[in-house]
2 protein chains.
Amino acid sequence: MLREDVTDAIRGAVFEELASVGFARMSIEGIARRAGVGKTAVYRRWKSKLHLVLDLVAAVASQGMPAPATGSLYGDVRAVLELAAYALRHPVASQVIPDLLVEAARNPEISDAIKAALLDQQQGVAAVVVRAAVERGELPEGSDPDRALDLIVGPLYWRLAVVRGALPKGYLDDLAASAVRALKG
Amino acid sequence: MLREDVTDAIRGAVFEELASVGFARMSIEGIARRAGVGKTAVYRRWKSKLHLVLDLVAAVASQGMPAPATGSLYGDVRAVLELAAYALRHPVASQVIPDLLVEAARNPEISDAIKAALLDQQQGVAAVVVRAAVERGELPEGSDPDRALDLIVGPLYWRLAVVRGALPKGYLDDLAASAVRALKG
DNA sequence: TAACGACGGAACGGTTGCGTTGCGACGTAC
DNA sequence: GTACGTCGCAACGCAACCGTTCCGTCGTTA
C-alpha cells in the first residue's frame, strides 16, 4: 500500500513548484527534492509531470463550483467576483492558474483538464446566473452566458492576473455594477 | 561589422521559438538551429536569451501605440478593441504575449519591459480616450482610466487569450457598446 | 593582394534532468 | 518470525543545453 502522507507531500510539492517555477521549468527531481522524497516514490504513482498535474487539476475540477443565488443579478455577479478575486489574490493560485492557462494553449491534455476544472465550471455558473436573471426579468430573453462571463470575469482577470495591479477598496462593487450595466441592453 | 541579415534571421527565429515553445523552454541552441546560424552569431550579439527577448520587446515598445480620436467614446473604444483583437488573433502574437505576461510575474526585468511595451502604452491610450470623453461630456469628471482599460480590454483578452474562444461576427461592436455602458455611471 | 572580421560548424567540459535499477532499512500482514 | 512492499538514497547511461574555443571559409576593406 502506498503511504498516503508521502502522496500528500508530493501533491503539495507540485503545487509549490508549479507556483514558483511554472509547469515548463518544473522537474520531477525538483518535486521530489521539495517533498523530501525519493524520485522512486513519485514514479511509483505517476508516469510523468504531465500526469501529476492532470491529476491535480482533475482533483480541483471534482470539487465543483457553487452557483450563487442571491435573488438579484447584481448580487450574483458580486458573489462570482468575490470568489474569483479570492482565488486570483491567493499567492499560489495566482501563479498557478495563469501559468497553466498559458500552457494549455500548447498542450491539448492540459487544455482539456483546465477546461473541465475552471472554464466549464464558470460557464455553468454563468449559465445559471443568466437564466435566473432572465426569469426575474432583469435580462432579456436569449442573453448569452458566454458574453456575460467575458464581461464579468474579464476585467478582474485582466487587472489581477495580467496587469497584476492592486484592487482598490470598493472596486469589486464597482465592477459588479459596471458588469450589470454592460449586460443590460 | 555584424551582418544585418543574420541579425534579422535570429530575431525572427526568436519570435517563432517564443511562440512555439515559450520563453521557459526556449534555448539558444534552438534559436540558432531555427535561424540556420551558428551559436557564435547569437552570442556575438546578445549575452543570453533574456537579453534577446528584452531587446525584442523594447523594439516593440519603441514603435508606440496610436491613440484613436474618432470623436465619440464608442468610436474610440471600438478602435481600441479592433487593434487589440487584431494582435490577439495573430497566431504568433497570441502565443507570445500571454507567455511573456506570465513570465513577467516571475522575472522583474521581463515585467518592466512588458510594462513599457504594452501596459504603459495601453494605459496612455486609455488616458487619452477617457480625457477626450470627459471633455466631450460623455464621461463624468474624474473617471479612472485604469478602470476604463479593465472594462474595455479585459473581456476581449479573457475570450481570446484565456478561454481561446471564437469571436462571433458583431462581437466587437457589442463589446464596445457594453464597455461604454459600463463606463457611464 | 593582403589583412581583417564575421560566418557556420564542430567540439569542448560542465550542469541538469530524464527514467531505471539496486540497495539496506523500516513497517505491516500473515 | 518470515515475507512482502514501500521507503529514501545513490548511482546508472542518456540526452539536451550551457557558454567557450578553435577551425576553415568567405566577403569586404585597404
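Because the structure is a prediction, the values reported are computed rather than measured. Below, chain A is the first sequence line, B the second, and so on; all start at residue 1.
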A.B. asks: For Glu29(B), enumerate each residue passing the side-chain contact (heavy atoms from CB on, under 4.5 Å) test, keeping only those at least two apart in sequence or located in another chain.
C.D. replies: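 So Glu29(B) forms a side-chain contact (heavy atoms from CB on, under 4.5 Å) with Ser27(B), Arg33(B), Lys39(B).
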A.B. asks: Nucleotides 7-9 of chain D: which of its N/O atoms have a protein N/O under 3.5 Å away?
C.D. replies:
unit_1 : atom_1 : unit_2   : atom_2 : d
dC7(D) : OP1    : Arg45(A) : NH1    : 3.4
dC7(D) : OP1    : Arg45(A) : NH2    : 2.5
dC7(D) : OP2    : Arg44(A) : NH1    : 2.2
dC7(D) : OP2    : Arg45(A) : NH1    : 3.4
dG8(D) : OP2    : Gly38(A) : N      : 3.4
dC9(D) : N4     : Thr40(A) : OG1    : 2.7

A.B. asks: Between Ser111(A) and Arg164(B), is there a side-chain donor-acceptor contact under 3.5 Å, judged purely by atom types and distance?
C.D. replies: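 No pair is found: no donor N or O on one side chain lies under 3.5 Å from an acceptor on the other.
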A.B. asks: Which is it for Arg78(B) and Glu82(B) under the salt bridge (Lys or Arg N to Asp or Glu O under 4.0 Å) test, yes or no, and what are the steps along the way?
C.D. replies: CA-CA 6 Å; Arg78(B) 184 63 179 73; Glu82(B) 187 68 43; 2.7 Å; yes
A.B. asks: Which atom pairs link the protein and nucleotides 14-17 of chain C when you take only N or O atoms and keep those under 3.5 Å?
C.D. replies:
unit_1  : atom_1 : unit_2   : atom_2 : d
dG17(C) : OP2    : Arg33(A) : NH2    : 3.2

A.B. asks: With a 3.5 Å cut-off and sequence neighbours excluded, list the donor-acceptor pairs that the side chains of residues 85-92 of chain A form with protein atoms.
C.D. replies:
unit_1   : atom_1 : unit_2   : atom_2 : d
His90(A) : ND1    : Val92(A) : N      : 3.0
His90(A) : ND1    : Ala93(A) : N      : 3.2

A.B. asks: Run the side-chain donor-acceptor check on residues 148-158 of chain A: report pairs under 3.5 Å with partners two or more places apart or on a different chain.
C.D. replies:
unit_1    : atom_1 : unit_2    : atom_2 : d
Asp150(A) : OD2    : Arg159(B) : NE     : 2.5
Asp150(A) : OD2    : Arg159(B) : NH2    : 3.1
Asp150(A) : OD2    : Tyr171(B) : OH     : 2.4

A.B. asks: Can you find a pair of side-chain heavy atoms, one from Pro145(A) and one from Val128(A), that are under 4.5 Å apart?
C.D. replies: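 Not touching, per the 4.5 Å side-chain cut-off.
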A.B. asks: Only counting residues at least two apart or in another chain, list the ones meeting side-chain contact (heavy atoms from CB on, under 4.5 Å) with Ala177(A).
C.D. replies: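 If we apply the side-chain contact (heavy atoms from CB on, under 4.5 Å) test to Ala177(A), skipping adjacent residues, the hits are Tyr74(A), Arg181(A).
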A.B. asks: Rounded to whole Å, please give me the gap between CZ in Arg34(B) and P in dC17(D).
C.D. replies: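 To the nearest whole Å, that distance equals 12 Å.
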A.B. asks: Minimum heavy-atom separation for Asp99(B) and Phe23(B), please, with both atom names.
C.D. replies: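 Between these two residues, the closest heavy atoms are OD2-N, 3.0 Å.
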A.B. asks: Could you list the residues that satisfy salt bridge (charged side-chain N to carboxylate O under 4.0 Å, His left out) with Asp8(A), not counting sequence neighbours?
C.D. replies: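 Salt bridge (charged side-chain N to carboxylate O under 4.0 Å, His left out) check on Asp8(A) returns nothing, list empty.
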A.B. asks: Can you name the atoms? Protein N/O to nucleotides 25-30 of chain C N/O, anything below 3.5 Å, with the distance.
C.D. replies:
none

A.B. asks: With a 4.0 Å cut-off on N to O distance, would you call Arg45(A) and Asp55(A) a salt bridge?
C.D. replies: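 Here Arg45(A) does not pair with Asp55(A) in a salt bridge, since their nearest N and O are not under 4.0 Å apart.
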A.B. asks: Go through the structure and list residues passing side-chain contact (heavy atoms from CB on, under 4.5 Å) with Ala117(B), not counting sequence neighbours.
C.D. replies: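 For Ala117(B), the residues satisfying side-chain contact (heavy atoms from CB on, under 4.5 Å) (neighbours in sequence not counted) are Val57(B), Ala61(B).
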A.B. asks: Could you list, one pair per line, each protein nitrogen or oxygen that sits under 3.5 Å from a nitrogen or oxygen of nucleotides 23-30 of chain D, together with the distance?
C.D. replies:
none

A.B. asks: Strictly by side chain to side chain donor-acceptor pair (under 3.5 Å), give each pair with a member in residues 116-127 of chain A just once, sequence neighbours left out.
C.D. replies: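 Listed once each, the pairs are Lys115(A)-Asp120(A).
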A.B. asks: Tell me every residue that passes side-chain contact (heavy atoms from CB on, under 4.5 Å) with Thr70(B), counting only those two or more places apart in sequence or in another chain.
C.D. replies: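 Result, side-chain contact (heavy atoms from CB on, under 4.5 Å) vs Thr70(B): Ser72(B), Asp76(B).
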A.B. asks: Using whole Å, report how far CD1 of Ile10(B) lies from P of dA6(C).
C.D. replies: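 Rounding to the nearest Å, CD1 of Ile10(B) and P of dA6(C) are 13 Å apart.
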